[in-house]
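One structure is given here, and the rest of the page talks about it.
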Amino acid sequence: MAIVPPLVALRNARLKKAEALRERGLNPYPSRSMRTEYAANILENFESMENQPVTVAGRLMSWRKQGGMAFGHIQDRTGSIQLVFRRAMLHPTDAAAGFLGYEDVALLDVGDVIEVRGTVGKTMKGEISVMAETLRMLTKSLRPLPEKWSGLKDRETILRKRYLDTIAAPEKLELFAQVSRMIFEARQFLYARGFLEFQTPIIQPLYGGGTAKPFLTHVNALGAEMYLAISHELYLKRLIAAGYEKVFTIGRYFRNEGIDRSHHPEFSMIETMTAYQNYEYNMALVEDLFRHVAVKAFGKITFQVRGHMVDFEQPWKRISMVDATREITGIDFSELRTVDEANARLTDLGVTEAQPSIGEALVRAFEAKVEDTLIQPTLVYGHPIEISPLAKPMAEDPRYVERFEIFIAGMECGDNWSEQNDPEQLFATWKKAYKPEDRDSGEFHPLDYDFLEAMDHGIPPTTGIGPGIERMAMIFTEQQDIYDVIFFPMMKPVLSQANKAIYGVAGEAVEEPAES
RNA sequence: GGGCGCGUAGCUCAAUUGGCAGAGCAAGUGACUCUUAAUCACUAGGUUGUAGGUUCGAUUCCUACCGCGCUCACCA
């Protein structure tokens, strides 16, 4: 005997109301609405709209019936507005016209999507309302909404069913809308500067362009193992080889690694390639991009991030990784000559894992001691060549490369470099970095001979930026958790007992291993 | 992956040392023509995440598992 969760009874009660509507000749799910006005527009322009006929539509969020009169609020994407119903004023149930009359308002539930035609007016208490003349059911809702006063508080439910959170807390709609406008403005900025946007493959025969553990997948039609992209830059460089000079993609990235407040397995980046320029061009481009987005999408230039006021107006600090590390730790890694010496200094800083090179020791020291201190937008350049196989070495000191990372509020917000376009050097560095036994371990990506072949043909001096969309969104929307700027964050799949009962998921009990 | 914490009705939360699992909202029935967390009366709603164990008795104590969070490690 299956257990029937109480939710099923609530749902069945609403299903009965849907059936009752059909018995009256009313479709609980008609095709379209005749809405003429949004809630906010009526509230903002009451003076000119008073006594005017309007048709509004939205989700019924509250319902207060008292005899021959009833009040409710509907919520649309602009806000909410009160509806006033009177028994004598409301058109009776009319199957031909699709109207729901006052005699049948018991078939309404909070959560239903309804449409009301009426005139704009004020109640005796002074609230701007629509005085209803006709009522249409647009969508019968079958499940109860979160509690109207406290909303949705359970973190897991918020993340799994974000739509419930945005219904209960409409200001969240604005947050995610801001993220959308942010991406729009970033596109506008790049289009205005002459960049062309390309689609690059998400399913790739090899993964490359970064160091990360990939997701593996299988393409049935080709009988081939493939990977989800960890980066798109090897394809952008092929576009430069093809003859384009300014390209970008807003790509999806998949990295099979840890999850925390600033890492999500699936994320997005604006990745550009600009020919005939080097990384200094990109320093200016990135600063301008962030300023443009801040002003155009958010209308301000300073943001509260992790308890700090971050100012995007002032010229950003530019400092080499060696200098930044020396300022904080007092250690000048550029003067060290042996790996043992570098590791000894690293141990002094409390980092005990021995690094294979001076350059990698510098990076560890930087990550451990310096990153968190970079609050205002800072461009840290001159990365060790050991961790930058795709970047061009600096002419004045080939231990370091023409590369910079963006740090804001202690968080890395983008990686940028002058592309290594010397095919022989690229191959040599790559070969040295890649160890076949580390395949798919995240140590380094495999050799991509097709890419090397394209580089053999020669690309102009080229440079690219890669600011992360989610981290930009976190900063500009002043959120501290990447899960709060991703509408559909990654969660383990679950199936509730209620849904098993409602949808008749068969075999759930049968699939349990039999006790024997 | 390690450590710590959390999981009670659709939602938000209670439950004294281990002693009858409760409330508000939502739901059902009825009353109510200016409410807005409407009000009033009545009704219903629970395998306390899952599975075991200890006990006369478990929401409570123990073990394992599932999910989520925090944190460390790894990474970007």
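To find a chain, count down the sequence lines: A is the first, B the second, and so on, and within it residues start at 1.
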query = What do you reckon, are the aromatic ring centroids of A/Y253 and A/H232 less than 6.0 Å apart?
reply =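 Yes, the ring of A/Y253 comes within the 6.0 Å limit of the ring of A/H232, centre to centre.
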What is the distance from [atom1] of [X] to [atom2] of [N], rounded to the nearest Å?
X      : N     : atom1 : atom2 : answer
A/I408 : B/A76 : CD1   : C1'   : 14 Å
A/H383 : B/A76 : NE2   : P     : 11 Å
A/K500 : B/G49 : NZ    : C1'   : 11 Å
A/E127 : B/A38 : CD    : P     : 12 Å
A/E367 : B/A73 : CD    : C1'   : 13 Å
A/I259 : B/C72 : CD1   : P     : 16 Å
A/R64  : B/C25 : CZ    : P     : 15 Å
A/Q82  : B/A38 : CD    : C1'   : 11 Å

Pairing of [X] and [Y] as salt bridge, 4.0 angstrom limit:
X      : Y      : result
A/E266 : A/R252 : yes
A/D484 : A/R155 : yes
A/E156 : A/R160 : yes
A/K122 : A/E127 : no
A/R86  : A/E133 : no

request  = Take A/Y381 and A/M283, measure what side-chain contact (heavy atoms from CB on, under 4.5 Å) needs, and give me the verdict at the end.
outcome  = CA-CA 10 Å; A/Y381 62 88; A/M283 288 184 166; 3.8 Å; yes
task = Please list all pairs passing the side chain to side chain donor-acceptor pair (under 3.5 Å) test where one or both residues lie in residues 462-477 of chain A, with sequence neighbours left out.
result =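 Of all non-adjacent pairs touching residues 462-477 of chain A, those that pass side chain to side chain donor-acceptor pair (under 3.5 Å) are A/H263-A/R471, A/S268-A/E470, A/N282-A/T463.
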Could you go through nucleotides 30-34 of chain B and list every protein N or O atom that sits under 3.5 Å from one of its N or O atoms, giving the distance for each pair?
{"from": "B/C32", "atom 1": "N3", "to": "A/G67", "atom 2": "N", "distance (Å)": "3.2"}
{"from": "B/U33", "atom 1": "OP2", "to": "A/G68", "atom 2": "N", "distance (Å)": "3.3"}
{"from": "B/U33", "atom 1": "O4'", "to": "A/Q66", "atom 2": "O", "distance (Å)": "3.4"}
{"from": "B/U33", "atom 1": "O2", "to": "A/R86", "atom 2": "NH1", "distance (Å)": "3.1"}
{"from": "B/C34", "atom 1": "O2", "to": "A/M124", "atom 2": "N", "distance (Å)": "2.8"}
{"from": "B/C34", "atom 1": "N3", "to": "A/M124", "atom 2": "N", "distance (Å)": "3.4"}
{"from": "B/C34", "atom 1": "N4", "to": "A/R86", "atom 2": "NH2", "distance (Å)": "2.6"}

key: salt bridge (Lys or Arg N to Asp or Glu O under 4.0 Å) partners of A/R11, counting only residues at least two apart   =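 Applying salt bridge (Lys or Arg N to Asp or Glu O under 4.0 Å) to A/R11 gives none.
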Check every strand shown and say whether [X] touches a base, only sugar-phosphate, or nothing at a heavy-atom separation below 4.0 Å.
X      : answer
A/Y253 : nothing
A/R255 : base
A/K17  : sugar-phosphate
A/E405 : nothing

query = Which whole number of Å gives the distance between the P atom of B/G69 and that of B/U63?
reply =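 To the nearest whole Å, 24 Å.
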key: B/A44 to B/G52 separation - C1' atoms, rounded to the nearest Å   =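 Per the computed distance, 33 Å lies between those C1' atoms.
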key: Any N/O donor-acceptor pair, A/R14 side-chain to B/A27 base, under 3.5 Å   =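 Between B/A27 and A/R14, which were checked side chain against base, a qualifying N/O pair under 3.5 Å is absent.
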ask   = Where each pair must be Watson-Crick or G-U wobble with both distances under 3.5 Å, what dot-bracket representation of RNA chain B is obtained, with crossing pairs in [ ] and other-strand partners as |?
value = (((((((..((((.....[..)))).(((((.......))))).....(((((..]....))))))))))))....
request  = Start with the C-alpha distance between A/I406 and A/W316, add both sets of side-chain angles, then the distance that settles side-chain contact (heavy atoms from CB on, under 4.5 Å), and finish with yes or no.
outcome  = CA-CA 10 Å; A/I406 307 156; A/W316 296 8; 3.9 Å; yes
task = Summarise protein proximity over nucleotides 4-11 of chain B in one line of letters, 5' to 3': B for base, S for sugar-phosphate only, - for none, counting protein heavy atoms closer than 4.0 Å.
result = ------BB
note = Under a 4.0 Å heavy-atom criterion, the protein footprint on nucleotides 64-70 of chain B, written with B, S and -, is ---SSSS
message = Regarding A/T347 and A/R345, do their side chains bring together a donor and an acceptor under 3.5 Å, going by distance alone?
response =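 A/T347 vs A/R345: no donor-acceptor pair found between side chains.
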inquiry  = For A/T93 and A/R24, which I'm curious about, is there any donor-acceptor pair between the side chains at under 3.5 Å?
reply    =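 Looking only at side-chain atoms, A/R24 and A/T93 do not form any donor-acceptor pair under 3.5 Å.
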message = Evaluate A/R59 against A/I167 for side-chain contact (heavy atoms from CB on, under 4.5 Å), listing each step before the verdict.
response = CA-CA 9 Å; A/R59 191 180 296 276; A/I167 291 170; 3.6 Å; yes
Residues A/F476, A/F312; criterion side-chain contact (heavy atoms from CB on, under 4.5 Å); working and verdict = CA-CA 11 Å; A/F476 288 128; A/F312 289 98; 3.8 Å; yes
